[in-house]
Each structure stands twice: as structure tokens, then as C-alpha cells.
There are 2 protein chains.
Amino acid sequence: MAGIKDVARAAGVSVATVSRALSGRGNVSPSALAAVQQAAHDLGYVVSSTASGLASGRTRNIGVLVPVINHWFYASVLEGICTALMREGYDTTLYQLTKDPAQRHQIFSDFLQRQRVDAVIAVNVELSETEVVALHALDKPLVGVGGPLPGVPTLQVDDEAVSALGTAHLLSLGHTRVGYIGGSSETDVDFRVPSHRRIGYERALAEAGIDLDEALCVGADFTMAQGYTVAKQLLGNPDARPTAIFAASDEMAIGAILAARDLGMQLPRELSVVGVDDHELAEFFGLTTIRQLPHEQGELAVAMLLRAIRKEEPARAHTLGHELIVRNSTSRPPADH
Amino acid sequence: MAGIKDVARAAGVSVATVSRALSGRGNVSPSALAAVQQAAHDLGYVVSSTASGLASGRTRNIGVLVPVINHWFYASVLEGICTALMREGYDTTLYQLTKDPAQRHQIFSDFLQRQRVDAVIAVNVELSETEVVALHALDKPLVGVGGPLPGVPTLQVDDEAVSALGTAHLLSLGHTRVGYIGGSSETDVDFRVPSHRRIGYERALAEAGIDLDEALCVGADFTMAQGYTVAKQLLGNPDARPTAIFAASDEMAIGAILAARDLGMQLPRELSVVGVDDHELAEFFGLTTIRQLPHEQGELAVAMLLRAIRKEEPARAHTLGHELIVRNSTSRPPADH
DNA sequence: ATGAAAGCGCTAACAG
DNA sequence: CTGTTAGCGCTTTCAT
């Protein structure tokens with residue numbers, strides 16, 4: 001395996017010049033640069049990241065903290081991060097932060113302390129006080145995606161605005177009995193996304209001058225199966241059935257669509273449904289939804305982080321855009337008889 | 001940031017002893033061990049992975065190659081890998097191998113050459129001749145999951161047996177017209193999984209003495225949407241409609257279920273459907289399927305790799321188990337009238 | 001079982 | 001713009 005000395009010898013320059021030429025730091029004459037690149041290419045030389053990291057303190061590697069990988073949203077964000085980092089020549093090191101305290105402790109007190117990462121991206125992870133302290137103690141650039149962390153600049157969608165928009169879409173079509181499928185108290189712990197969405201729903205109702213009906217609001221765990229179950233409850237109620245449902249995630253919304261179908265209802269004639277995410281299945285089910293772009297969120301997080309690493313500017317919190325995608329799951333409510 | 005010298009001083013021993021005590025290599029007296037551990041804990045000392053890696057050549061980091069992240073199967077395998085590696089104190093560095101030749105070249109000629117990984121796991125990636133050569137040239141332990149790579153020990157399910165089992169299940173229920181939804185020529189390129197599954201389907205038919213009917217075999221791209229589309233074609237045929245469908249993935253099988261419902265068919269009375277995977281949605285749809293356990297596959301790959309790294313034994317190819325999970329999507333065919 | 005010391009392969013002053 | 005050289009923080013002989 002060729003080393004920097006071999007390249008130096010082959011190019012007829014010193015190792016310092018090779019280092020400068022290959023890293024782009026410091027001045028190198030065009031001729032030396034060309035000679036070094038040629039030699040490096042011929043020898044198949046690649047800088048050793050351990051040696052370079054030890055000497056410079058830079059690793060060209062970013063740690064990514066995620067709560068789960070096997071989930072549409074997280075996997076999408078991760079893909080965006082990974083793609084963007086690779087483009088910049090950075091490696092992506094993945095840390096799955098489970099609920100196991102021992103494992104979490106290991107991550108914060110060992111893995112992240114090993115001097116292996118230049119910076120950290122935390123995707124929707126919920127951290128304890130001490131964990132946040134440990135993160136900050138790394139004294140490395142830090143960016144959050146999706147979940148607000150104390151003192152960590154975060155990219156977020158405005159969940160309240162998202163659900164206000166979804167609800168308003170239904171109201172503007174003429175619906176007055178709009179059900180809400182949100183988080184249960186259990187999932188509520190996660191960053192209050194559910195409660196923010198609930199607030200947006202209520203705000204939209206209030207702005208339309210419609211009283212909130214608690215009987216129309218149910219909680220689920222963001223899965224299709226639970227969306228199905230709770231939607232059946234909502235739709236089975238003989239005297240308080242909603243004509244529309246706003247669900248806080250596409251998976252729950254799809255569950256609601258399937259529940260309505262199983263009840264023999266015609267969509268969207270008898271029931272309108274709106275979700276949130278623009279999940280990969282949303283189009284197939286013709287689901288009207290509020291799109292968020294997790295892939296782009298990941299890319300954006302990387303862009304912010306790199307700017308911070310390069311000291312161009314500190315990372316700052318940022319609100320991400322969202323967009324109403326109208327498909328076939330929404331229409332005017334059935335005419336009253 | 002405390003270094004090994006600080007620990008040595010605090011423990012009253014030499015840095016060599018600290019290194020030995022903390023790495024578990026070489027002999028250390030119990031008293032010295034205790035003193036070192038105490039000192040390290042007090043000082044919050046963690047071995048610098050760059051320094052340790054440079055000096056020892058071991059990085060405690062594994063590179064994982066995946067074609068996509070945002071997909072149930074790959075995300076599950078990745079989760080299994082990540083969990084298992086973490087348990088062993090290893091980091092997971094993720095490389096998404098897209099179709100972009102420039103990016104692929106970067107991964108094989110830069111990223112993997114940086115001396116940052118001790119070994120590589122390749123999940124279902126399809127590599128060119130030169131890429132395989134580059135991988136082997138790393139001279140590091142290598143394990144494949146799901147897709148056979150020349151010269152790389154691989155964990156695989158027996159795709160032929162899987163689909164023979166799924167098809168046989170339907171035949172044993174009495175079906176004689178069993179449709180097949182497999183890969184299209186486009187996805188066929190990926191490791192011949194589709195064609196292996198096709199072969200298993202045909203074998204099961206042959207064993208049951210049933211002639212293959214090409215009209216009952218259609219290709220799709222493994223998504224729910226295409227499964228839906230092609231199933232409609234199959235089911236809409238007035239004089240050659242199958243009474244059962246074996247789909248090479250759960251997502252396509254679910255698409256077929258939805259297609260049948262939209263045609264007003266009663267499942268499983270008028271149509272039986274079997275998938276492959278035991279996807280997270282399979283249970284919700286009551287889908288009978290052949291389960292494979294991607295999470296476990298990831299864990300197994302790690303176990304093999306670590307044994308190879310520790311020189312206990314070379315990695316060897318291995319066939320993974322599968323299991324028929326019977327739910328509500330299969331039953332006897334409707335009685336002929 | 002332990003310590004001294006020589007690297008590991010590169011970067012970054014520093015001097016020129 | 002370029003070369004010399006002293007580390008970066010650990011591991012690992014080699015003695016003892």
C-alpha cells in the first residue's frame with residue numbers, strides 16, 4: 001500500500017507538498033500539483049484517514065443519530081444525509097439510539113467520544129438532559145432534524161401550520177364535521193409533534209368558527225393498523241359521524257381509507273381524508289396530503305453542518321417548507337338530506 | 001480532553017500498561033487493571049479511535065454497502081447490522097451505492113481505501129467485475145447478504161425453495177390455476193432473485209403435475225402499485241382467471257389483494273394470495289406469506305464477520321431459513337359449478 | 001507483569 | 001512556493 005512518501009518520491013517533491021496538493025490547503029504550484037496528482041493516481045494512493053485524522057483533528061466523518069432506521073421518514077432523511085455527505089467526500093456513521101439506557105450510555109460516553117466524528121446530526125431523537133450535555137460537551141457542530149433539542153439548531157416543519165392547512169383544505173370544501181386522528185399519549189412524548197398538529201387542527205376549526213367536538217378526535221400510534229382501527233370507531237358512530245378526517249400521518253390516513261372502504265363507504269363522496277407526509281404509498285391510494293420532503297431535509301442538514309464545520313457561519317434553526325398535494329381522497333361533503 | 005498519559009499518571013503505571021489494560025491485550029495484574037479502569041473512569045478517558053487505529057491498524061468500524069436505504073428490506077437488514085455491531089463496540093459506516101458510476105467509483109477508489117473500515121458487508125448490491133476486484137483488493141473480511149457476489153461468502157435465502165413452498169401451499173389447498181407475479185426483465189437484473197422465484201413456482205407446479213400457463217405469469221417491479229396493476233390484468237381475464245396468486249413480494253401481493261377488492265371479489269373465498277417477506281404490513285392485510293427475517297440476517301452477517309476479523313474462522317456462505325406464515329388471504333378455491 | 005521507546009502515516013509550523 | 005521536522009495519541013516490540 002503506497003504511502004505519502006512514495007508519492008513524494010515519485011512526484012519529486014516533499015511529503016509536505018504532497019499533503020498540501022492533495023488536501024488543497026496551502027499553496028502549491030500548478031506544476032507540483034499536477035505531478036503529485038499524477039503520481040498519486042499512478043500509485044493508487046489514498047490518504048489514510050486514521051493518520052490524517054490523528055494529525056489534523058479532522059476525520060471527514062459525520063455521526064448520525066436516529067431512533068429507528070426501518071421507517072419511511074427516518075430512512076428518507078438518512079438517505080438524504082448520506083447522499084449529501086458522500087458528495088462532499090464525507091463518511092456517514094450511523095448510531096441507532098434505542099430506548100435501552102445501557103446502549104444509549106455507550107453511544108454518548110464511548111462512541112461519540114472516540115474522536116471519530118467531526119460533527120453530529122440528530123434526527124428526531126429525544127434526549128435526556130445529560131445526553132444533551134454530553135452532546136454539547138463534544139464541542140462539535142451539531143444539527144437537529146425534526147425534533148427540537150435544547151440549544152441545538154434544528155430544521156423543522158411547522159407542524160401546527162401543516163395541520164392547520166390540511167384541516168383548512170377540508171373546511172374550505174364545505175366540511176363541518178372533520179375528525180382528527182393524532183398521536184396517542186404514548187407517542188405524544190416524541191417531541192410534541194402530535195400535539196402541535198392537534199393545535200393546528202383546532203386553530204383551523206376556530207378560524208372557521210366551528211366548535212371542537214372531542215368525540216371526533218382520536219389517538220393512534222401513527223401506523224396504518226391503528227389508523228384503521230380508530231377510524232372505524234369514528235365512522236361507526238351512528239349519530240356523530242364525520243364527513244372528513246384529518247390524520248396526522250399518511251399511514252394512519254391510509255388506514256382510515258381502508259376502514260371506510262370496509263364499511264362500504266364511497267371515497268371521497270362519503271368521506272374525505274387528508275394525511276401528512278406524502279408517504280411513498282400516498283399516491284397509490286390517491287391520498288390528499290401535506291407533503292414534507294425528508295430527503296431534502298437531510299440534504300439541508302448536511303449543508304448547514306458543513307458550513308459550520310468550515311466556520312463559514314454557525315448553524316441556525318430553520319423552518320422547512322410543506323405543500324398541500326390534492327389527490328382523490330378529498331371532495332365536497334355529501335349534500336345534506 | 002484526557003489522554004492516555006493522564007490516565008497512566010493517575011493510575012501510577014506506564015502508558016503501555018494502560019493500553020494493555022483497556023484493550024484487554026496482553027497481561028495486566030488485577031491491581032493495575034483496577035487502578036487503570038478507575039483512573040480512566042474518573043478522567044472520562046476514551047481511547048482516540050484515530051490514534052488507536054493508526055497505531056494498531058484496527059478501526060473498530062465496519063463499512064456497509066447498500067443499494068437503497070429507504071426500503072423495508074434494506075432498512076431492516078441495516079438495523080440488524082447496526083444493532084449487532086454496536087453491541088460489539090463497532091461503528092457502522094454507511095455507503096449507499098447508487099447507479100451513478102462516478103459515485104460508485106468514488107466509493108471503491110476513495111472511501112473504502114481510506115483505511116477507515118476493518119471489514120465490509122455488502123447488502124444485495126450488484127457489483128461490476130472491477131468493483132469486486134477492488135473489494136477483494138482491500139484484503140479485509142467481506143460478507144454479502146442477499147445477493148451472491150463472486151468470491152464473497154454470502155448469506156442468502158433459498159429463493160427457489162421459498163416460492164416452491166408458497167406455491168405448494170396454494171396447490172395443497174386445491175388450487176389448480178395459480179397465477180404468478182414476479183419481477184420484470186428490468187428488476188431481473190438484480191441477482192436473479194425473481195427468476196429463482198419463478199423457477200420455484202414452476203417446480204411446485206410440475207411436482208403437482210400441473211402445466212405451466214404463461215398467461216398466468218406477469219412481471220412487476222416489486223411495488224404495491226405495480227402489483228395492483230398487473231393483478232387487475234390477471235383477474236380481469238374472463239376465461240383464464242386464476243383462483244390464486246403467488247407474488248414474489250408482499251408489497252406486490254398486497255397490491256393484488258387491493259386489486260381483487262376493487263374488482264369486488266371476496267378474499268380468500270374467490271381468490272387466495274401468497275406473498276414473500278412478511279413485510280410490516282403483511283399482518284395488517286392478513287396476508288399469508290413466506291417470512292424471511294432481514295433483521296436477523298443483518299445480525300448473522302455481523303457475527304460471521306466478527307469471527308473472520310478475530311481469525312476464529314473464515315466467513316462461509318450460508319443459507320438462511322424461511323417460514324410459511326398462514327393468515328387470512330388463503331383458503332380452498334371456490335367450488336366449481 | 002511492566003516500562004521505555006520506536007513507530008503508525010500524516011499535517012502544520014517554521015524556516016527558507 | 002517548498003522542504004524539514006516535530007508532533008498527533010496510541011500500540012507494540014523488546015527488555016527487564
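None of these values were measured; they are calculated from a predicted model.
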Rounded distance (nearest 0.5 Å) linking atom CD of A/Glu79 with atom OG1 of A/Thr92 = 11.5 Å

Kindly check if the number of other-residue, nucleotide or ligand heavy atoms within 6.0 Å of NE2 (B/His136) is above 12?
-> yes

Atom CG of B/Leu43 to atom C1' of D/dG9: distance rounded to whole Å?
-> 15 Å

OP1 or OP2 of C/dG3 under 4.0 Å from side-chain N/O of B/Thr17 | yes

What pair of heavy atoms forms the shortest contact from B/Ala308 to B/Pro141, and how long is it?
-> CB-CB, 3.9 Å

Ring pair (Phe, Tyr, Trp, His ring centres under 6.0 Å) involving A/His322 - partner list, sequence neighbours excluded = none

Find the distance A/Arg9:CZ to D/dT2:P and express it as a whole number of Å.
-> 19 Å

Hey, what are the protein-to-nucleotides 7-11 of chain C N/O distances that come in under 3.5 Å?
| residue | atom | partner | partner atom | Å |
| --- | --- | --- | --- | --- |
| C/dC8 | O2 | B/Ala55 | N | 3.4 |
| C/dG9 | N2 | A/Ala51 | O | 3.4 |
| C/dC10 | OP1 | A/Tyr45 | OH | 2.4 |
| C/dC10 | OP2 | A/Ile4 | N | 2.5 |
| C/dT11 | OP1 | A/Ser52 | OG | 3.4 |
| C/dT11 | OP2 | A/Ser19 | OG | 2.5 |
| C/dT11 | O5' | A/Ser19 | OG | 3.4 |

To the nearest angstrom, how far is A/Asn27 atom CG from D/dC1 atom C1'?
-> 7 Å

Find the distance between CG (B/Leu300) and CD1 (B/Ile81) and round it off to the nearest 0.5 Å.
-> 11.0 Å

Mind checking the OG1-CZ spacing from A/Thr93 to A/Phe111? Nearest 0.5 Å is all I need.
-> 10.5 Å

Nucleic acid contacts of residues 86-93 of chain B, taken as heavy-atom distances under 4.0 Å to DNA chain D = none

Distance-only, no hydrogens or angles: does the A/Arg60 side chain make a donor-acceptor pair with backbone N or O of A/Glu88 under 3.5 Å?
-> yes

Rounded to the nearest 0.5 Å, how far does CG of A/Leu149 lie from CG of A/Leu127?
-> 4.5 Å

